[in-house]
Protein chains: 2
Amino acid sequence: MSSVNEQAPATRMKAEDRRELVLAAATAVFGERGYFGATTDAVAKAAGVSQPYVVRMFGTKEALFLAVLTRALDRLLGAFRVALAGDGPAHPDGSAAPHRGLGAAYAELLADRGLLLSLMHGFILGSDTEIGACARAGFLQVYRFLREDAGFSADEVHEFLAEGMLLNTLVGIRMAVDYDTDPAARELLDTALPTKAEFLLALEGQRKPQA
Amino acid sequence: MSSVNEQAPATRMKAEDRRELVLAAATAVFGERGYFGATTDAVAKAAGVSQPYVVRMFGTKEALFLAVLTRALDRLLGAFRVALAGDGPAHPDGSAAPHRGLGAAYAELLADRGLLLSLMHGFILGSDTEIGACARAGFLQVYRFLREDAGFSADEVHEFLAEGMLLNTLVGIRMAVDYDTDPAARELLDTALPTKAEFLLALEGQRKPQA
DNA sequence: TTCTCAAGTAATCAGTCGATTACCACTGGA
DNA sequence: TCCAGTGGTAATCGACTGATTACTTGAGAA
């Protein structure tokens, strides 16, 4: 219908660019259906290439998923780092309070549904040997960043992560589809996304175009 | 090699009991691998019956998963209700503060890994038409309970749910396996489970029997 | 005792999916 | 210009899985 989707022999492209394109497509697909629910063929179609090419590019479906997780974590930490960097000058009183900046950065990451949802799917598959190890390492990497680089206290990290997991869940459950019809859903979303509710609703394509 | 697992023609049983047994097994399997990752055969083996019987009992795999979600929500709300009921008398000052009681009830539910993890898997599959609808309805049911029956404010529900989602994630990711080796994991778990860390570690079977 | 229905299985099928193989076509340097 | 390597596909295979069918067995009411 729209965005990423071709059909013909797929215009030639440098492998690195194609890889990034496939990773982006895979992130979307894994985010929607999880590791087991996603198929390499769905990823291939979303990326506009053939299924065997996707598999050969990463070796196995599992390796592809791990690549998606790694890329998502890189993006997450990257966004956090720029938020942290741009936070200092804008803070005249000198004392540390990067919560706002990092929170906003996180909220913006929600724009790519697949990114945080793929991570979330990975988190929940902790029983899987390889995926679990990757997920734990990534989660702890984020923890350490918040604790050490961002200067959060243990309680602050804890609160920040809890907030993040709730947001991920609300996006995953597509709570926004009930925003207009269920008062509880509306209140919950308004509370969880103080000023961002409209923004989130829009990018979920759940709202009529509205005036 | 322990708990639920038989082999021979499965001793005869009343359908209702068998159904509960299968639901318990399915909860464990879905909790570990998610909806798509779990197989009806794995559920059957865990319940000690044949695979066709599992399917015929619920019609489809999806119906089985929905039954698991419904049962999990019933248990969750049931545990909340008893916690809320037993909370009144123990509170001499009269003012409302059921947070402790409900939090403890939730922590105890973590003992059944599958219960909250199956829910979590359902939550994240919000894009699926049927599962998503069931998950949203259940989530909102919990929200309303906390808001109306437990008397939480919108902010309190929000905080309580965030905490819950983080706990679910920590259980799903099996963070406890890194408790002994990674200081960050230890700090995170100690912060998230103030007094319950040891308890959680034990029931994940991740700790050596310890003195 | 007998008869019937509920509890349960074995066998098997059709669709799906990840992976493999063999092949094709462009592009850029010698 | 040629040719080698890279970017890509078509065809297909084997394993897995959810579902279906047809059959078996035990318990309890008449």
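Quick note on labels: first sequence line is chain A, next is B, and so on, each numbered from 1.
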For this session: List the steps and the verdict of side-chain contact (heavy atoms from CB on, under 4.5 Å) for A:Tyr179 and A:Asp190.
Result: CA-CA 9 Å; A:Tyr179 186 86; A:Asp190 284 340; 2.8 Å; yes
Problem set entry | Test log, rule side-chain contact (heavy atoms from CB on, under 4.5 Å), inputs B:Lys14 and B:Asp17 | CA-CA 5 Å; B:Lys14 280 208 293 185; B:Asp17 296 338; 4.0 Å; yes
Exercise. Hey, are B:Glu20 and B:Arg75 close enough for a salt bridge, meaning a charged N less than 4.0 Å from a carboxylate O?
Worked result: yes
For this session: Please determine, by modelled atom types, if B:Glu187 and A:Tyr143 share a side-chain donor-acceptor pair under 3.5 angstrom.
Result: yes
Protein-nucleotides 16-19 of chain D N/O pairs under 3.5 Å:
{"unit_1": "D:dG18", "atom_1": "OP1", "unit_2": "B:Ala38", "atom_2": "O", "d": "3.4"}
{"unit_1": "D:dG18", "atom_1": "OP1", "unit_2": "B:Lys61", "atom_2": "NZ", "d": "3.1"}
{"unit_1": "D:dG18", "atom_1": "OP2", "unit_2": "B:Thr40", "atom_2": "N", "d": "2.9"}
{"unit_1": "D:dG18", "atom_1": "OP2", "unit_2": "B:Thr40", "atom_2": "OG1", "d": "2.9"}
{"unit_1": "D:dA19", "atom_1": "OP2", "unit_2": "B:Lys61", "atom_2": "N", "d": "2.9"}
{"unit_1": "D:dA19", "atom_1": "N7", "unit_2": "B:Gln51", "atom_2": "NE2", "d": "2.9"}
{"unit_1": "D:dA19", "atom_1": "N6", "unit_2": "B:Gln51", "atom_2": "OE1", "d": "3.0"}

For this session: Just need the stems in DNA chain C: three or more back-to-back Watson-Crick or G-U pairs, each with both distances under 3.5 angstrom, sorted by first number.
Result: C:1-30 with D:1-30
For this session: For A:Leu64 and C:dC17, give me the distance from atom CG to atom C1', rounded to whole Å.
Result: 14 Å
Seminar exercise, completed: Only residue of A:Val54, A:Val29, A:Val55, A:Leu69 satisfying side chain to side chain contact (heavy atoms under 4.5 Å, CB included) with A:Leu64 is A:Val54
Exercise. In whole angstroms, how far is the P atom of D:dG5 from the CE atom of A:Met13?
Worked result: 24 Å
Problem set entry | Phosphate-side-chain proximity, A:Tyr53 and D:dT9, N/O vs OP1/OP2 below 4.0 Å | no
For this session: Considering only NZ, NE, NH1 and NH2 on the basic side and carboxylate oxygens on the acidic side, decide whether B:Asp41 and B:Lys45 come within less than 4.0 Å.
Result: yes
Exercise. Does B:Arg18 make a side-chain N or O approach to OP1 or OP2 of C:dA7 shorter than 4.0 Å?
Worked result: no
Problem set entry | Under-3.5 Å donor-acceptor pair between B:Arg56 side chain and C:dG8 base | yes
Exercise. Taking the side chain from A:Arg18 and the backbone from A:Met13, do they hold a donor-acceptor pair closer than 3.5 Å?
Worked result: no
Exercise. Taking atom types as modelled and ignoring hydrogens, do the side chains of A:Asp128 and A:Tyr35 form a donor-acceptor contact shorter than 3.5 angstrom?
Worked result: no
For this session: Could you tell me whether the side chains of B:Arg33 and A:Ser127 share a donor-acceptor contact shorter than 3.5 Å?
Result: no
Exercise. If you measure only the distance, is there a donor-acceptor pair under 3.5 Å linking the side chains of A:Arg71 and A:Thr27?
Worked result: yes
For this session: Output yes when a side-chain donor or acceptor of B:His158 lies under 3.5 Å from a complementary backbone atom of A:Leu188, and no otherwise.
Result: no
Exercise. To the nearest Å, how far apart are B:Glu16 CD and C:dG8 P?
Worked result: 13 Å
Seminar exercise, completed: A:Lys45 atom NZ is separated from D:dG8 atom P, nearest whole Å, by 17 Å
Exercise. What string of B, S and - do you get for nucleotides 24-30 of chain D, 5' to 3', if B is base contact, S is sugar-phosphate-only contact and - is no contact with any protein heavy atom under 4.0 Å?
Worked result: -BB----
